[in-house]
Colleague: 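I have a structure I would like to understand better, so I am pasting it below and will then ask my questions one at a time.
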Amino acid sequence: MAIAGILGTGSALPEKVLTNADLEKMVKTSDQWITERTGIKARHIAAPEEKTSTLSVKAARRALEMAGISPLDLGLIICATVTPDMPLPSTAAFIQTELGAKDCCAFDLVAACSGFLFGITTAEQFIKTGKSKYALVIGAEILSRFVDYQDRGTCILFGDGAAAGVLGIATPPAGILAAEVHTNGRHADHLFIPAGGTVKPASEDTVQAREHYIKMRGNELFKIAVRNMEEVSRRVLATAKVCTEDLNLFIPHQANQRITDAVCERLKVDPGRVYSNISHVGNTSSASIPICLDECVRSGRIQKGDLILMTAFGAGITWGATLMRW
Ligand SMILES: CC(C)(COP(=O)(O)OP(=O)(O)OC[C@H]1O[C@@H](n2cnc3c(N)ncnc32)[C@H](O)[C@@H]1OP(=O)(O)O)[C@@H](O)C(=O)NCCC(=O)NCCS
């Protein structure tokens with residue numbers, strides 16, 4: 001059976017930058033604490049007129065251009081996001097219209113920071129079965145609209161951004177070689193937004209209680225993130241019968257530099273083969289991995305034939321890994 005691969009990538013970061021020095025003026029924190037505990041120095045913040053679909057469309061156009069295909073060729077559009085333009089309809093619907101794509105299947109996917117990997121695993125099935133010739137998978141977030149800038153435990157971590165990948169039939173030996181995606185809802189209370197859904201519809205009380213903002217148990221998540229990303233990476237490598245020494249590049253979700261370091265140490269990945277942009281991008285949830293991927297492709301860090309492992313972890317909790325040859 002033919003295998004799917006990523007044919008083009010694109011990303012978009014908002015212009016405005018929020019530095020640790022800026023945050024020092026907003027909450028009781030310091031550049032030193034944030035840098036030492038997370039590795040983050042700055043993150044991008046969307047302008048008031050920018051929507052999740054605005055960033056998505058910018059990223060998607062760049063990915064389509066690299067892949068050399070028209071929006072009219074798309075059979076599937078998946079927008080992985082936890083920060084949609086609005087609860088109804090899907091952000092993918094707005095993206096489809098803005099791009100000028102046909103009436104193809106377009107939907108949003110909620111898997112938080114693992115969203116892009118969930119998206120490409122889903123799109124891969126459409127491509128392999130011949131259901132779609134080309135699929136567009138986007139990871140896009142404007143987390144700054146859901147972050148409580150009075151909560152120093154979360155507001156230092158998150159940033160805004162979007163990135164996209166165009167999938168189609170790959171030319172061997174390139175393509176997606178192995179992938180796994182998982183969810184464990186028993187830890188849903190580790191990272192969530194309490195209000196705005198059916199449990200607690202928006203009301204004056206929920207706004208007063210700041211319940212429309214992200215709540216997180218950072219410490220608990222940290223440990224599970226390291227363990228799950230290590231384990232799923234090992235399994236995906238084993239499925240493809242390769243080992244960490246074979247990897248040209250390892251792209252972990254950018255949640256915290258200490259999480260990345262711990263995962264790499266456990267997997268024994270050569271630090272020179274690990275990509276990190278967390279210092280200037282922060283955690284952009286579903287956009288994190290594809291932004292890294294696009295930066296590596298465009299800078300020449302990824303070369304034809306390279307073996308690349310991506311792994312992610314996020315709210316849900318969700319996690320997964322994808323191994324591909326470029
Ligand atoms: C959030 C995170 C950076 C906190 O780092 P940590 O080393 O675990 O810190 P703790 O939560 O144990 O807090 C240690 C102390 O620092 C304080 N602290 C927390 N945030 C702070 C900040 N921004 N500035 C200064 N101090 C801070 C805490 O209040 C606590 O103080 P105390 O000891 O007096 O109670 C870290 O847990 C993390 O990155 N977790 C993963 C989160 C994540 O990735 N979420 C998304 C999943 S994709």
Side-chain angles (χ1 to χ4, degrees), residues 13 17-24 27-45 82-83 111-117 139 141 143-144 146-149 151-161 163 184 187 189-192 213-233 249-267 269 271 273-293 295 309-321:
L13 288 169
V17 170
L18 183 73
T19 64
N20 291 352
D22 297 327
L23 285 165
E24 282 177 351
V27 286
K28 198 166 176 294
T29 191
S30 66
D31 172 43
Q32 189 187 352
W33 193 95
I34 303 172
T35 307
E36 284 176 9
R37 306 307 294 164
T38 72
I40 303 170
K41 299 292 271 180
R43 60 297 280 147
H44 292 257
I45 303 293
V82 290
T83 56
C113 306
S114 312
F116 186 73
L117 298 191
E141 308 287 359
L143 288 157
S144 60
F146 295 87
V147 162
D148 187 348
Y149 286 98
D151 174 11
R152 68 177 182 172
T154 53
C155 73
I156 56 154
L157 295 173
F158 298 107
D160 302 336
N184 174 357
H187 296 308
D189 63 349
H190 285 14
L191 184 53
F192 69 118
Y213 291 126
I214 293 169
K215 312 288 174 203
M216 185 180 77
R217 293 185 182 166
N219 226 296
E220 286 91 332
L221 276 176
F222 192 110
K223 290 172 226 156
I224 307 172
V226 172
R227 197 172 55 237
N228 287 10
M229 286 198 285
E230 179 204 353
E231 286 174 6
V232 76
S233 294
L249 190 66
F250 180 51
I251 304 180
H253 168 54
Q254 308 288 299
N256 183 321
Q257 189 58 43
R258 290 189 297 132
I259 292 180
T260 292
D261 293 345
V263 173
C264 292
E265 200 182 308
R266 286 170 175 226
L267 288 172
V269 185
R273 296 183 180 202
V274 182
Y275 190 71
S276 171
N277 66 7
I278 195 166
S279 65
H280 62 279
V281 178
N283 181 350
T284 56
S285 192
S286 66
S288 167
I289 286 182
I291 292 172
C292 290
L293 188 63
E295 287 179 356
L309 179 66
M310 307 177 281
T311 185
F313 174 88
I317 59 172
T318 57
W319 69 100

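Side chains included, hydrogens not; waters and symmetry mates left out as well; all remaining heavy atoms used. In this chain, numbering begins with 1 at the start of the sequence shown.
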Colleague: Are K41 and D31 close enough for a salt bridge, meaning some N to O gap below 4.0 Å?
Modeller: yes

Colleague: Check whether any side-chain heavy atom of L18 sits under 4.5 Å from a side-chain heavy atom of H44, and report yes or no.
Modeller: no

Colleague: Between E141 and V82, does a side chain to side chain contact (heavy atoms under 4.5 Å, CB included) hold up when you go through it step by step?
Modeller: CA-CA 7 Å; E141 308 287 359; V82 290; 3.3 Å; yes

Colleague: Report the distance from atom CZ of R217 to atom NZ of K223, rounding to the nearest 0.5 Å.
Modeller: 11.5 Å

Colleague: Can D261 and Q257 be counted as having a side-chain donor-acceptor contact under 3.5 angstrom?
Modeller: yes

Colleague: Ignoring hydrogens and geometry, is there a side-chain-to-backbone donor-acceptor pair from S285 to C113 under 3.5 Å?
Modeller: yes

Colleague: Are any side-chain N or O atoms of Q254 and backbone N or O atoms of P252, one a donor and one an acceptor, separated by less than 3.5 Å?
Modeller: yes

Colleague: Kindly compute the distance separating NE2 (H253) from OG1 (T311), expressed to the nearest 0.5 Å.
Modeller: 10.0 Å

Colleague: Checking R37 against R258 for the side chain to side chain contact (heavy atoms under 4.5 Å, CB included) test, could you report, in this order, the C-alpha distance in whole Å, the side-chain angles of both residues, the deciding distance, and whether it holds?
Modeller: CA-CA 7 Å; R37 306 307 294 164; R258 290 189 297 132; 3.2 Å; yes

Colleague: Check step by step if side chain to side chain contact (heavy atoms under 4.5 Å, CB included) holds for T38 and I278.
Modeller: CA-CA 8 Å; T38 72; I278 195 166; 5.6 Å; no

Colleague: Quick check: does any side chain N or O of N20 sit under 3.5 Å from a backbone N or O of I40, one acting as donor and the other as acceptor?
Modeller: yes

Colleague: Could you grab the distance from atom CG of L13 to atom CG of N277, nearest 0.5 Å is fine?
Modeller: 8.0 Å

Colleague: Please tell me if the side chains of Y275 and E295 come closer than 4.5 Å, counting only heavy atoms from C-beta onward.
Modeller: yes

Colleague: Report the residue from V263, L221, T318, V226 that forms a side-chain contact (heavy atoms from CB on, under 4.5 Å) with F313.
Modeller: L221

Colleague: Side chain of S114, backbone of L117: donor and acceptor closer than 3.5 Å?
Modeller: no

Colleague: Hey, does the side chain of D148 reach the backbone of T154 with a donor-acceptor pair shorter than 3.5 angstrom?
Modeller: no

Colleague: For the side chain of S233 and the backbone of L309, is there at least one donor-acceptor N/O pair under 3.5 Å apart?
Modeller: no

Colleague: Just so I know, are the side chains of F192 and I214 near enough to count as touching, which here means a heavy-atom distance under 4.5 Å?
Modeller: no

Colleague: Tell me, do I45 and V17 make a side-chain contact under 4.5 Å, heavy atoms counted?
Modeller: no

Colleague: Is it the case that the side chain of T284 and the backbone of S288 share a donor-acceptor pair, with hydrogens and angles ignored and the cut-off at 3.5 Å?
Modeller: yes

Colleague: In the structure I gave you, are the side-chain heavy atoms of Y149 and V27 within less than 4.5 Å of one another anywhere?
Modeller: no

Colleague: Would you say the side chain of V147 lies within less than 4.5 Å of the side chain of Y213, judging by non-hydrogen atoms?
Modeller: no

Colleague: Got a donor-acceptor contact below 3.5 angstrom from the R266 side chain to the E230 backbone?
Modeller: no

Colleague: Assess whether a salt bridge exists between D160 and R43, defined as any Lys/Arg side-chain N lying under 4.0 Å from an Asp/Glu carboxylate O.
Modeller: no

Colleague: Count the heavy atoms belonging to other residues, nucleotides or ligands that lie under 6.0 Å from CD of E220, then report whether that count exceeds 12.
Modeller: yes

